A.B. asks: 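First the structure, then my questions, so here it is.
Quick caveat: nothing in here was measured; it's all calculated off a predicted structure. Starting from 1, each residue takes its place in the sequence as its number.
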Amino acid sequence: MIPKQLVESIIKKTDIAELISEFVDLTPNGAQLKGICPFCHSSSFTAAPNKQIWKCFKCNRGGDAVKFIVELQKVNFPEAIRFLAHRLSIEIPKEEENTK
């Protein structure tokens, strides 16, 4: 199991706007960013960098950076954490990976 403290650190260090912009073209809209939802393809997708969350008001999906990767790549929570850790060049110790 990946230690809770490491998970929290990875989530805290992940810039949600930067993460989402790797998959969605985002444009400024006040304090938020707008784009085309990668799930339902509507223009109701927003990201709130100050809150580190995202939401589509058409398909009603939303959440934090981990939830975005879980939904987009159809992976489980530990796999999403490993993906985010890799983006940040954070190594998850092998013994932690093997005890999931």
Side-chain angles (χ1 to χ4, degrees):
M1 179 173 233
I2 303 169
K4 183 179 178 180
Q5 185 177 15
L6 182 56
V7 169
E8 290 171 356
S9 175
I10 291 166
I11 293 169
K12 185 176 181 177
K13 290 178 181 178
T14 299
D15 180 326
I16 199 157
E18 184 180 299
L19 172 68
I20 292 172
S21 68
E22 291 178 18
F23 304 96
V24 177
D25 289 328
L26 296 173
T27 56
N29 185 33
Q32 298 184 349
L33 302 167
K34 286 195 72 150
I36 302 298
C37 179
F39 309 109
C40 72
H41 309 292
S42 76
S43 60
S44 301
F45 185 88
T46 62
N50 60 330
K51 296 179 182 177
Q52 290 295 85
I53 59 172
W54 60 276
K55 173 84 173 164
C56 176
F57 292 94
K58 181 168 184 183
C59 66
N60 206 32
R61 292 183 180 179
D64 62 5
V66 177
K67 182 72 171 177
F68 183 77
I69 295 302
V70 166
E71 294 277 334
L72 186 71
Q73 297 191 348
K74 297 177 176 45
V75 296
N76 62 30
F77 184 86
E79 291 169 325
I81 291 297
R82 283 192 288 280
F83 174 88
L84 294 173
H86 179 75
R87 281 183 74 252
L88 296 167
S89 299
I90 295 173
E91 188 174 329
I92 296 175
K94 292 290 182 196
E95 63 273 5
E96 302 301 342
E97 279 191 32
N98 294 334
T99 59
K100 63 177 182 169

A.B. asks: With rounding to the nearest 0.5 angstrom, report the CD to CD1 distance, Glu79 to Ile2.
C.D. replies: 10.0 Å

A.B. asks: Can you tell if the side chain of Ile36 reaches within under 4.5 Å of the side chain of Asp25, non-hydrogen atoms only?
C.D. replies: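 The answer is no; the side chains never approach within 4.5 Å.
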
A.B. asks: Does some side-chain heavy atom of Gln73 sit less than 4.5 Å from a side-chain heavy atom of Phe68?
C.D. replies: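 Answer no - side chains too far apart.
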
A.B. asks: Could I get the full list of salt bridge (charged side-chain N to carboxylate O under 4.0 Å, His left out) partners for Glu18, not counting sequence neighbours?
C.D. replies: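 Glu18 satisfies salt bridge (charged side-chain N to carboxylate O under 4.0 Å, His left out) with Arg87 once adjacent residues are dropped.
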
A.B. asks: Side chains of Leu19 and Leu84: closer than 4.5 Å at any heavy-atom pair?
C.D. replies: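 Yes. Closest side-chain heavy atoms under 4.5 Å.
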
A.B. asks: For the atom pair CG (Leu6) and CD1 (Ile81), what is the distance rounded to the nearest 0.5 Å?
C.D. replies: 8.0 Å

A.B. asks: Do Arg82 and Pro78 come close enough that some side-chain heavy atom pair is under 4.5 Å?
C.D. replies: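 Sidechains of Pro78 and Arg82: in contact.
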
A.B. asks: Only counting residues at least two apart or in another chain, list the ones meeting side-chain contact (heavy atoms from CB on, under 4.5 Å) with Ala17.
C.D. replies: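 Counting only residues at least two positions away or on another chain, Ala17 forms a side-chain contact (heavy atoms from CB on, under 4.5 Å) with Asp15, Leu33, Pro49.
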
A.B. asks: Once salt bridge (Lys or Arg N to Asp or Glu O under 4.0 Å) is applied, what residue pairs with a partner in residues 48-62 remain, sequence neighbours excluded?
C.D. replies: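 Output for this query lists Arg61-Glu71.
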
A.B. asks: Please report the closest heavy-atom contact between Ile16 and Gly63, naming both atoms and the distance.
C.D. replies: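 Looking at all heavy atoms of both residues, the shortest contact is CD1-O, 4.2 Å.
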
A.B. asks: Enumerate the side-chain hydrogen bond (donor to acceptor under 3.5 Å, both in side chains) contacts for residues 38-49, please, sequence neighbours excluded, ordered by first and then second residue.
C.D. replies: none

A.B. asks: Got a sec, which residues hit ring-ring contact (aromatic ring centres under 6.0 Å, His included) with Phe39, two or more places apart in sequence or on another chain?
C.D. replies: Trp54

A.B. asks: If you count the non-hydrogen atoms of other residues, nucleotides and ligands that lie under 6.0 Å from CD in Gln5, is the total more than 12?
C.D. replies: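 No, because the 6.0 Å sphere around CD of Gln5 holds 12 heavy atoms or fewer from other groups.
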
A.B. asks: Can you tell me how far NZ of Lys4 sits from OG of Ser9, rounded to the nearest 0.5 angstrom?
C.D. replies: 14.0 Å

A.B. asks: What are the two closest non-hydrogen atoms of Gly35 and Val24, and how far apart are they?
C.D. replies: CA-CG1, 4.1 Å

A.B. asks: Considering only heavy atoms from C-beta outward, does the side chain of Cys59 approach that of Phe45 to under 4.5 Å?
C.D. replies: no

A.B. asks: Are Gln52 and Asp64 side-chain neighbours, meaning at least one heavy-atom pair lies under 4.5 Å?
C.D. replies: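 Gln52 does not reach Asp64 side chain to side chain.
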
A.B. asks: Is Ile53 reachable from Val7 through a run of hydrophobic residues whose side-chain heavy atoms are each under 4.5 Å from the next?
C.D. replies: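 Different hydrophobic clusters.
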
A.B. asks: Quick one: side-chain contact (heavy atoms from CB on, under 4.5 Å) partners of Ala80, sequence neighbours excluded?
C.D. replies: Val66, Ile69, Val70, Val75

A.B. asks: At their closest point, which heavy atom of Leu26 faces which heavy atom of Ser21, and how far apart are they?
C.D. replies: CD1-N, 4.0 Å

A.B. asks: Spell out, yes or no, whether Leu88 and Ile20 are grouped together once hydrophobic residues are joined by side-chain heavy atoms under 4.5 Å, including indirect joins.
C.D. replies: yes

